[in-house]
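Just below is one structure, and these are the notes that go with it.
Note that these values count all heavy atoms, side chains included, but never hydrogens, waters or copies made by symmetry.
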Amino acid sequence: METVKIGIIGVGQIGKMHIEQYQSIPGAEIIAVCDVNEVEAKRVAEKFNIPHVYTDYRSLLEREDIVAVDVCLHNNFHAPVTVAALHAGKNVYCEKPIAGTYFDGQEMVAAAKETGKLLHIQLGTLFTKETKAAKTLIDGGMLGKLYHARSTGFRRRGRPFVDGYGTPYFTRKETAGGGALLDMGVYHIAQLLYLLGNPNVERISGKLYQELDMLEDRREQSRFDVEELASGLIRFNDGLTLDIIESWAVHLGGFEGSSIAGSKGGIRMPNGQEGAQAQSFSFHNTVCDMDMDSTIDLEMMDTRWHRIRENEDAYDSSQDHWIAALQGRVPLLPTSQIALNTMLISEGMYLSDKLGREVTAAEVIALSHTTAVPL
């Protein structure tokens, strides 16, 4: 298989995770890293035997041997770096969410279309065994007409920095754009949008909360000004609906996992949520006038498909898929469009909370503006 030479922009927590994941993917070769923290960039490069180090991403983009870059920066840095990389002739893999606002995400999508380069957003939940099983059931007609879905994400008390994990940049609008909705919710919402066929959003209602206590010194250091819990209801133009609840912190023992209801059957996804009781993937329908709740051997499913399907490894993870697409083995899933629709929903929930009413997708798009931080 063709070797894909990659440059990593940002070697913080996410950047290191991406580098480690590339190590196990045949055909992926990281030849350069870039970070404003030169000491850390050099340390990471030495640890992973990466030959070239930069502190200015523009210099990295000048390398003709780099086919693709991986943008591992905070949300409001995504758009300027991604757009510059696309116009420099690089394919771009960007950490989720697509950007800090719909406006900035649309700029990224437009740049990819203009340059003819690939833009892939890290939506890891699209590649889980549960998602593959759900899509197979949906595509096979086992759910019938889809009419309602539920997106859930749960942490009991897992707010970045203030609860001991991550940096204050996750809790500030100026760098993150939002809180639980953009940090965790993007995974769950995008997963359901993918399974629902990425329908067009019509109307959005949302409410945001920041109610739980936190250590005062952590509050002051973090300048915490984002939501710790978000709830919403989304109406699509085909009558389909989606309700959302996403929590960084809440005094409950967990939420049920995400689900999709159809006229012939329904599916429930594992919650995969911190501090909550584990759930398994399940399929529900009526057989011979009997209500049936079914489970699937996901491990056997996955093993069989890897044995009999060509390029099944291209769907093992977001990064496996990215490399396979760059090698021309499989078409790239429309993650940028799904991520953009996810951002439309998230930003619509923020606008709805601000205005105290339901908003239309057209309103959100018209009022969206850049929050990008130039680098």
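A 6.0 Å sphere centred on NZ of K132 holds more than 12 heavy atoms belonging to other residues, nucleotides or ligands. Residue-environment remark: CZ (R218) exceeds the threshold of 12 foreign heavy atoms within 6.0 Å. In the displayed structure, K354 atom NZ is contacted under 6.0 Å by at most 12 heavy atoms of other residues, nucleotides or ligands.
Contact of the V373 side chain with the F77 side chain is registered, since non-hydrogen atoms from C-beta on lie closer than 4.5 Å. Residues E228 and E211 have side chains in contact (heavy-atom distance under 4.5 Å, counting atoms from C-beta outward).
Salt bridge E46/R43: absent, no basic N to carboxylate O contact under 4.0 Å. For R329 and D313, the salt-bridge test passes: some basic side-chain N is under 4.0 Å from an acidic carboxylate O.
Residues E347 and S368 bring a donor and an acceptor atom of their side chains to less than 3.5 Å of each other. If you check the side chains of D291 and H284, you find no donor sitting under 3.5 Å from an acceptor. No side-chain N or O of Q327 forms a donor-acceptor pair with one of E2 less than 3.5 Å apart. With no hydrogens or angles considered, a side-chain donor-acceptor pair links Y165 and Q13 at under 3.5 Å. In the model, T371 has a side-chain atom that pairs as donor or acceptor with a side-chain atom of N76 under 3.5 Å. Counting only N and O atoms by type, the side chains of E38 and T55 include no donor and acceptor under 3.5 Å apart.
Across all non-hydrogen atoms, the minimal contact from G179 to E227 is N-OE2, 3.0 Å. The shortest non-hydrogen separation linking G253 to F154 is C-CZ, 3.9 Å. Shortest non-hydrogen contact noted between P97 and M343 is CB-CE, 3.9 Å. The minimum heavy-atom distance between G12 and D35, with the atom names listed, is N-OD2, 4.1 Å.
Hydrophobic cluster membership is shared by Y194 and W305, with clusters built from Ile, Leu, Val, Met, Phe, Trp and Tyr side chains linked at under 4.5 angstrom.
With sequence neighbours excluded, the residues forming a ring-ring contact (aromatic ring centres under 6.0 Å, His included) with H74 are Y169, F170, listed by chain and number.
Under the 6.0 Å distance and 45° angle rule, K207 counts as a cation-pi partner of Y209.
Ring planes of Y54 and H52: tilted class, angle from 30 to 60°.
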